[in-house]
There are 2 protein chains.
Amino acid sequence: MTSFPSAAMASPRSVLARDKLMRTAERLYAEHGFASVSVTKIGEAAGQRNKSAVQYHFNNRDELIIAILERHMARIEKHRVAMVEALGAVGEVPLEERIRCHIQPNIEHHIELGTPSWYGRFLAQVIVEPNLREYAIQAHGKLPSVRRLDELGRVQWRDDDRALIAQHHEMIRQLTVHMCAEVEYDLAHGRIDPAAAEESWRRLGENLIQAICGLSVALLGNR
Amino acid sequence: MTSFPSAAMASPRSVLARDKLMRTAERLYAEHGFASVSVTKIGEAAGQRNKSAVQYHFNNRDELIIAILERHMARIEKHRVAMVEALGAVGEVPLEERIRCHIQPNIEHHIELGTPSWYGRFLAQVIVEPNLREYAIQAHGKLPSVRRLDELGRVQWRDDDRALIAQHHEMIRQLTVHMCAEVEYDLAHGRIDPAAAEESWRRLGENLIQAICGLSVALLGNR
């Protein structure tokens, strides 16, 4: 599969080049869309003289995108692990607390990224791209914090609810990803004042938690 | 902007060629993603000998995508207009009825399309693509049935709710588009039996209406 050596990854210079390529790719993808940005263009915009810089450092476009995704996921996971640990023992964790653990880590991450950011719009494209979505869903489902939240929720489920539970999970995922992208779009296009960015992210977080609690009770009852 | 004559659109042969290109593009985009499908590939797969068939019939990729989108929107709009007319006079239209008018026409359209279909996955990509999303949002907001539903809802709003109302609309839109794409993915990948397709679409419709009613009441109160 690999036609370039990956030993290059070790050197500090290579780490910097990879970082520059990832940041540049994320920005260009967010602003112009996956379809309008070639790996050659990313290399050029990242100031790489080697025309095959993306191939050299990431093998191909999909692996570049996955590397960007995993770096964000790792940072979000730190927030979520801390929140889930604070929930304490198995059993009666209220619905709202579990939902907050799904949503809030994304909000904290967006606030940390500052303005402008590109991750929200990048991620929205990843989860609708046929080649990448299955990977993204599975990687998210395997996160220790997400598995723990599933266990805490499962206490309250019946087995014949499986399809409904899956659809409910999907609704939470779609709402979270795409509503974060919306706020990022609004920031990028001047529809939200950058000075109000943190407040807008926090308000989105609270609205999402409230909305998803309502959605969940309507769909599943108070489980 | 146009470098090809559009007079060609009038002939029956040209209408057929356009139709073939639109169907082929929708399928290839749904299966492989916007980024992996060139207009040249679409022309070839549609059996066009002219290498610039897409340019000839649609000027460019974006106009091809918009033509596909508008054809579906027109069919969905017919369903929604009929439902909205049945609501009757201004005033007290219950929340659930208004939400049903937003959701159900999409469900009916998906059922009419049959299995396999590609529109759900195609649309999910359109509304996250930076070049196309503003167009798609505005075109949807201008539909007579959607404007009428907005008027019916507005009776119950206060002016200072504007930002929250906009976010609420966005949640409905994101959930509807992306959850329809999910069911289509599941059908395309054998996770739903094609014989159960209609039932799955109808169940999604009812789940969406129930979920969005819960979400709406939680976010806006019973307005």
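Values below: all heavy atoms of this structure, side chains included; hydrogens, waters and symmetry mates excluded. Order of the sequence lines fixes the chain letters, A, B, ..., with proteins taken first and strands second; residue numbering starts at 1 for each chain.
For chain B, the option among A:P130, A:A35, A:G33 with the highest count of heavy-atom pairs below 4.5 Å is A:P130. Counting heavy-atom pairs under 4.5 Å between each of B:C213, B:G214, B:A30 and chain A puts B:G214 at the top.
Between A:I103 and A:I172, some side-chain heavy-atom pair lies under the 4.5 Å cut-off. Inter-residue side-chain proximity for A:V126 and A:L69 is flagged as met; some heavy-atom pair is nearer than 4.5 Å. Using a 4.5 Å cut-off on side-chain heavy atoms (C-beta onward), B:F34 and B:L132 make contact. Proximity of A:L149 to A:L87: side-chain heavy atoms (C-beta onward) are separated by under 4.5 Å at one or more points. Between B:L187 and B:P116 there is no side-chain heavy-atom pair separated by less than 4.5 Å.
Taking each heavy atom of A:V37 and A:L28 in turn, the nearest pair found is CG2-O, 3.6 Å. Of all non-hydrogen atoms in A:V217 and A:L95, the two that sit nearest each other are CG2-CD2, 3.7 Å. Listed here is the closest heavy atom pair of A:L21 and A:G43: CD2-CA, 3.9 Å.
In this structure, no portion of B:V177 lies under 4.5 Å from any heavy atom of chain A. Proximity to chain A is absent for every atom of B:A181, based on heavy atoms less than 4.5 angstrom apart.
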Polar pairs (donor with acceptor) under 3.5 Å from chain B to chain A:
unit_1, atom_1, unit_2, atom_2, d
B:V128, O, A:Y185, OH, 3.4
B:R133, NH2, A:E182, OE1, 2.9
B:R133, NH2, A:E182, OE2, 2.7
B:E134, OE2, A:R191, NH1, 3.3
B:E134, OE2, A:R191, NH2, 3.2
B:Q167, OE1, A:N207, ND2, 2.7
B:Q174, NE2, A:E182, OE2, 2.8
B:H178, ND1, A:H178, NE2, 3.4
B:H178, NE2, A:H178, ND1, 3.4
B:H178, NE2, A:H178, NE2, 3.2
B:E182, OE1, A:R133, NH2, 2.8
B:E182, OE2, A:R133, NH2, 2.7
B:E182, OE2, A:Q174, NE2, 2.8
B:Y185, OH, A:V128, O, 3.4
B:R191, NH1, A:E134, OE2, 3.3
B:R191, NH2, A:E134, OE2, 3.2
B:N207, ND2, A:Q167, OE1, 2.7
B:Q210, NE2, A:A218, O, 2.7
B:A218, O, A:Q210, NE2, 2.7

